[in-house]
**Q** 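If you scroll down you'll find the structure; I have some questions about it.
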Amino acid sequence: MQIDITKLQMVAYVGAGNRTPVVDISGAIPREDLLLSAAQVRQMLESHKAFRLWLEKEGKKLRADTVMIYYPAVNQEYDFVTFVGEPNAGLCAPFSDMCGNGIRCLGLHLLLSETRKRVRKQYEQYGIKVMAGDTKKIRFAEFNRAAQTADVAVDMGTFQSDIHHLTPYVHLWDRTPGALNSVTLPDAFVPAFLQGKVCGIGFNGGTEGEPHLVFLYKKEAFLDLAKKYHFSNIDSEASLHRAVRQIVCEIGSNLTFNLSLFPKGINVNLGVVVNKVIYMATHERNLLPSRTLCLAQQRDRIFCQCNTMACGTGGAVLANIAKLQGFTEDNVIQTAHPGGTIKYYIQDTTIMIGPAAKLSGYRCLNKVSEVQ
């Protein structure tokens, strides 16, 4: 694949505090290459050294958590194809399968970039179809062109927790076919305080998606856990977020990089249910190349780069598992991340609604004001 690096431009966006810039590769790659299957294009991009070096360099300039790489589709099944590049993970790391904050930012970018009024109006009314693993439909609950911000709704797809769907992501230890929405991990793989703790594993999508592992606590139980980390006074949103983030970093450093159990890595989520809100933090896969670097960053600054300000795909999985495990009976679930809040509507599929903003238009995102 030939890529003219000089024709690439990364545009900065943020979704719920998570920096997810976008880049259109269509003008830098011969059209005949873009006629190949999405899987072939992804493979060539992942292995293209010059492109990966550019992605790493420009991504770090914008302090990107992930980068949404896209191009217009050449068929009528969807409007665009997108991949999730990770500028901090190393040149040989694979792309991720999906990014919830990133896909909202991509939708806003496409709407802002579209100059044809008829097509732009169609995107506002009927949405944009993006192939990201499987086809996702993006709609706009609210759009402010002047401020370059939007509340974006994305159909994340059907929640999958069956062993059959998760086989590429999980090496099972001793289980018969069934669902992984309420399981316990082998003691050898988890810290002592998680041994015997029920968790859930799943993703949203068709046959593939972004895999997430979820641990959930009610507030009282989490406060007992937090005491082991010397968090004795959790009486505000900030202190709760800090405790959840610090603990998920330790859990994640044990599990995210455990390729014997999770051959493609795993995103680890910790959630605390407080009335109608679930406060959560995520330790993401593919954001650092090794556990050694992850632990070194935690020693130096507490929160490693694997712990981003929000995770849209993580919230979607956590919302479904919270309902399946009986932590909530609601079909509308709000997750509070350090960078802002996201809502999920649990139906036959999972609908995510959350903020996106071009970085120049970024202000303060809505947050839950206090811990009740």
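Bear in mind that the values here come from a model prediction, so they are computed numbers and not experimental data. We number each residue from 1, following the sequence as shown.
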**Q** Atom CG of Asp33 and atom CD1 of Ile25: how far apart are they, to the nearest 0.5 Å?
**A**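 These two atoms lie 9.5 Å from each other.
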
**Q** For residues Arg301 and Gln297, is any side-chain donor paired with an opposing acceptor at under 3.5 Å?
**A**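 A donor-acceptor contact under 3.5 Å links the two side chains.
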
**Q** Can you find a side-chain donor-acceptor pair between Asp4 and Thr6 that sits under 3.5 Å?
**A**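 The answer is yes; a qualifying pair exists.
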
**Q** Quick one: do the Thr149 and Asn144 side chains pair a donor with an acceptor below 3.5 Å?
**A**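 Absent: no donor and acceptor within the cut-off.
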
**Q** Are Arg285 and Asp97 within salt-bridge range, i.e. N to O under 4.0 Å?
**A**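 Yes.
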
**Q** Say whether Asn204 and Thr350, considering side chains only, have a donor N or O and an acceptor N or O under 3.5 Å apart.
**A**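 Judged by distance alone, the side chains do pair up.
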
**Q** What do the steps show when you test Asp155 against Thr349 for side chain to side chain donor-acceptor pair (under 3.5 Å), and what is the final call?
**A** CA-CA 7 Å; Asp155 187 340; Thr349 61; 3.1 Å; yes

**Q** For Thr308 and Asp65, test the side chains for any donor-to-acceptor distance below 3.5 angstrom and give the result as yes or no.
**A**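 There is no such pair (donor and acceptor under 3.5 Å, judged by atom type) between the side chains of Thr308 and Asp65.
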
**Q** Crowded around Gln305 CD? As in, over 12 foreign heavy atoms under 6.0 Å?
**A**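 Yes, because the 6.0 Å sphere around CD of Gln305 holds more than 12 heavy atoms from other groups.
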
**Q** Do the side-chain N and O atoms of Glu86 and Ser96 include a donor-acceptor pair separated by under 3.5 angstrom?
**A**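 Yes, Ser96 and Glu86 have a side-chain donor paired with an acceptor closer than 3.5 Å.
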
**Q** Are Leu111 and Met68 connected in the hydrophobic side-chain network, where two residues link if heavy atoms are under 4.5 Å apart?
**A**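 In one cluster: yes.
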
**Q** Within a 6.0 Å radius of atom CD on Glu32, are there more than 12 heavy atoms belonging to other residues, nucleotides or ligands?
**A**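 Result for CD/Glu32: enclosed.
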
**Q** Looking only at the side chains, is there a donor atom on one of Glu210 and Asn267 sitting less than 3.5 Å from an acceptor on the other?
**A**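 Short answer, yes.
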
**Q** Would you please say whether a donor-acceptor pair under 3.5 Å links the side chains of His109 and Tyr13?
**A**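 A donor-acceptor contact under 3.5 Å links the two side chains.
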
**Q** Checking the side chain of Gln40 only, and the main-chain atoms of Ser37 only, is there a donor and an acceptor separated by less than 3.5 Å?
**A**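 Between the backbone of Ser37 and the side chain of Gln40 there is a qualifying donor-acceptor contact (under 3.5 Å).
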
**Q** Hydrophobic cluster membership, with links at side-chain heavy-atom distances under 4.5 Å among I/L/V/M/F/W/Y: are Met280 and Tyr217 in one?
**A**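 Different hydrophobic clusters.
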
**Q** If you draw a 6.0 Å radius around CD in Gln125, do more than 12 non-hydrogen atoms from other residues or ligands fall strictly inside?
**A**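 Enclosed: over 12 neighbouring heavy atoms sit under 6.0 Å from CD of Gln125.
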
**Q** Without swapping roles, check the side chain of Asp24 against the backbone of Tyr71 for a donor-acceptor pair under 3.5 Å.
**A**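 Side chain of Asp24 to backbone of Tyr71: no pair is present.
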
**Q** Assess, by modelled atom type and distance only, whether the side chains of Thr335 and His337 contain a donor and an acceptor separated by less than 3.5 Å.
**A**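 On atom types as modelled, these side chains qualify, holding a pair under 3.5 Å.
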
**Q** Are side-chain N/O atoms of Lys323 and Asn331 paired as donor and acceptor at under 3.5 Å?
**A**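 Per modelled atom types, Lys323 and Asn331 side chains form a pair under 3.5 Å.
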
**Q** For His212 and Thr313, test the side chains for any donor-to-acceptor distance below 3.5 angstrom and give the result as yes or no.
**A**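 Yes, side-chain donor-acceptor contact under 3.5 Å.
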
**Q** Does the pair Arg52/Glu56 count as a salt bridge with the N-to-O cut at 4.0 Å?
**A**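 So Arg52 does not pair with Glu56 through a salt bridge.
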
**Q** A quick test of your reading: do over 12 heavy atoms of other residues, nucleotides or ligands sit less than 6.0 Å from CD of Gln195?
**A**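 Yes, because the 6.0 Å sphere around CD of Gln195 holds more than 12 heavy atoms from other groups.
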
**Q** Quick check on Arg145: does its CZ atom have over 12 non-hydrogen neighbours (other residues, nucleotides or ligands) under 6.0 Å away?
**A**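 Counting neighbours around CZ of Arg145, more than 12 heavy atoms of other residues, nucleotides or ligands fall under 6.0 Å, so yes.
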
